[in-house]
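Shown next, in structure tokens, is the structure this report addresses.
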Amino acid sequence: MPPSRRLLVLSNGHGEDLIALQLLESLHQQRPSQELAVLPLVGLGQAFAAAEAAGWLQRLGPSQPLPSGGFSNQSLRGLLADLLAGLPLLSWRQWLLVRAWGRRGDPILAVGDVLPLLLAWAGGGPYGFIGTPKSDFTWASPPPAGWGRSRLADAYHRAKGSEWDPWEWALMGARRCRLVAVRDQLTARGLRRHRVAACAPGNPMMDGFSGQPPPTWLQGRPRLLLLAGSRMPEALHNLRRLLAALPEAGTPPPLSLLLATGSSPSPGELAPLLQAAGFQAMPAGEQRLLDLGAAAGWRRDGQELWIGPGRFATWAAWADLGLATAGTATEQLVGLGIGALSLPGAGPQFKPGFARRQSRLLGGAVQPCHSPDDLRQRLLALLADPEQRRRLGRIGRRRMGPSGGSERLAALIAAQLLGGG
């Protein structure tokens, strides 16, 4: 296969954007002259902005934010909202771009689920697939206690021997598909039984974390990492419920709350919510803001809350425990050995079904809670039981695997999809 100078990457969601970026960074390091482009299928792809500004990655359109945040497959209401917002026209324009790319014979890499995989196949040229959302652990592991069973779905997946479906096997097993990589060996074995040459060279989600230690003054306090997600307004609704689940202000031990955010919600969008919850803003010149790299700090009696846009990669390993209503970031957190409690809400993403599936995927390293009171009780119990926190952390590390997956995947992409040296 002659070497290709150009690669188009399709990704369909915020978490998939981050995974794609990690892969692209490794590929750029290995092949600096490779022309790389990305088409975010959901949202605007803000995760790629810095790479685009640096000049080594081209972000293509069309793109637009959708009301469901990319989760229209989880509810009829979300699907209808996306359709009314222009999803059919957006998908048509994206298909035309992919089709034009494929006609030139340049390869396409799909990152995510069946949507980017189908588009990559429809392009007509060579393609590869990084399957991020599905794992056979989600049906091979028991559900969390008190959350019921998915008997019909589990039986369906057990009969297939894979969480991926027959139409997805067909797309992954097509002659033009040069690479299929999934998140774990269990899932890869299930696909190989259906003649899909799947591999699991490592999880790129666990790359890119900082080894920087926390400031000395922070080390003596219990530290909770708050992950409310990035989709608005769901993130604000979920954060409000997480704050309501905290122990009452003034109740020992005094907590340090590390609220790691992305481009949204912004500190300005968070301010009214925090004020309503009884927090007061710290002075902008507070030295500890600089120590943490935080954008803002808030105080409520003995509790401190720090807002850190873009600080997740540094703050995650500092936490004793996570309080989470997020997808990818929660998985990364437990992969670092930090157990988590989750609190599902109204959605569109972090609903009870999503939380149950996430807990099964991660072997119980993240524990869903039925209510703010339930979360509060479990939080206090885990803060008082470091051995249980360590046990959850060990489970999370095993399920997510070690770092280094991005480099190995980038080498496979270069060899099997791009060709040449």
Side-chain angles (χ1 to χ4, degrees), residues 14-19 21-22 25 47 50 132 183 202-219 221-230 235 238-239 242 246 255-265 267 270 288-289 291-297 304-343 350 358-359 361-367 379 382-383 386 389-406:
H14 178 70
E16 290 79 2
D17 290 351
L18 295 176
I19 295 169
L21 178 62
Q22 199 70 49
E25 287 175 341
T132 60
R183 56 187 300 151
N203 196 337
M205 294 167 66
M206 298 315 303
D207 293 338
F209 287 92
S210 168
Q212 176 184 338
T216 304
W217 58 265
L218 189 64
Q219 296 177 21
R221 299 172 59 102
R223 299 176 296 279
L224 303 181
L225 187 74
L226 272 57
L227 298 172
S230 60
N238 288 340
L239 178 59
L242 289 178
L246 293 173
L255 301 174
S256 286
L257 309 170
L258 302 171
L259 176 55
T261 65
S263 57
S264 64
L270 292 167
R288 291 184 297 175
L289 288 172
D291 293 344
L292 295 173
E304 297 175 341
L305 184 146
W306 309 93
I307 300 174
R311 299 296 291 167
F312 173 72
T314 298
W315 286 2
W318 296 357
D320 295 307
L321 193 66
L323 303 184
T325 54
T328 301
T330 306
E331 297 177 33
Q332 292 172 308
L333 179 66
V334 302
L336 292 172
I338 312 297
L341 299 171
S342 68
L343 186 62
F350 209 86
Q358 184 185 70
S359 182
L361 169 68
L362 299 171
V366 54
Q367 300 180 354
L379 169 61
L382 283 171
L383 287 177
R389 297 202 305 271
R390 285 192 288 269
R391 186 186 75 84
L392 295 179
R394 289 193 294 269
I395 294 171
R397 287 183 187 275
R398 287 198 299 270
R399 284 294 169 98
M400 292 299 292
S403 60
S406 298

Quick check for you: to the nearest 0.5 Å, what is the distance between [X] atom [atom1] and [Y] atom [atom2]?
X      : Y      : atom1 : atom2 : value
Thr330 : Leu323 : OG1   : CG    : 10.5 Å
Glu331 : Met400 : CD    : CE    : 5.0 Å
Gln332 : Leu18  : CD    : CG    : 7.0 Å
Leu218 : Trp306 : CG    : CH2   : 8.5 Å

Original post:
Arg288: what forms a salt bridge (charged side-chain N to carboxylate O under 4.0 Å, His left out) with it, not counting sequence neighbours?
Top reply: Glu286, Glu304
**OP:** Consider only side-chain N and O atoms of Ser256 and Arg223, and report whether a donor and an acceptor are under 3.5 Å apart.
**Re:** no
Original post:
Considering the options Leu246, Leu257, Leu258, which one meets the side-chain contact (heavy atoms from CB on, under 4.5 Å) requirement together with Leu305?
Top reply: Leu257
Original post:
Where do Leu336 and Ala316 come nearest, in terms of heavy atoms and distance?
Top reply: CD1-CB, 3.6 Å
Subject >> Smallest separation among heavy atoms of Thr261 and Pro309, with atom names >> reply: OG1-CA, 3.2 Å
**OP:** Give a yes or no answer on whether the side chain of Asp17 reaches the backbone of Ala47 with a donor-acceptor pair at less than 3.5 Å.
**Re:** no
Subject >> Main-chain N/O of Val366 paired with Ser359 side-chain donor or acceptor, under 3.5 Å >> reply: yes
Original post:
Can you check whether Arg221 reaches Leu255 side chain to side chain, under 4.5 Å on heavy atoms?
Top reply: no
Subject >> Non-hydrogen side-chain atoms of Leu227 and Phe312 separated by less than 4.5 Å >> reply: yes
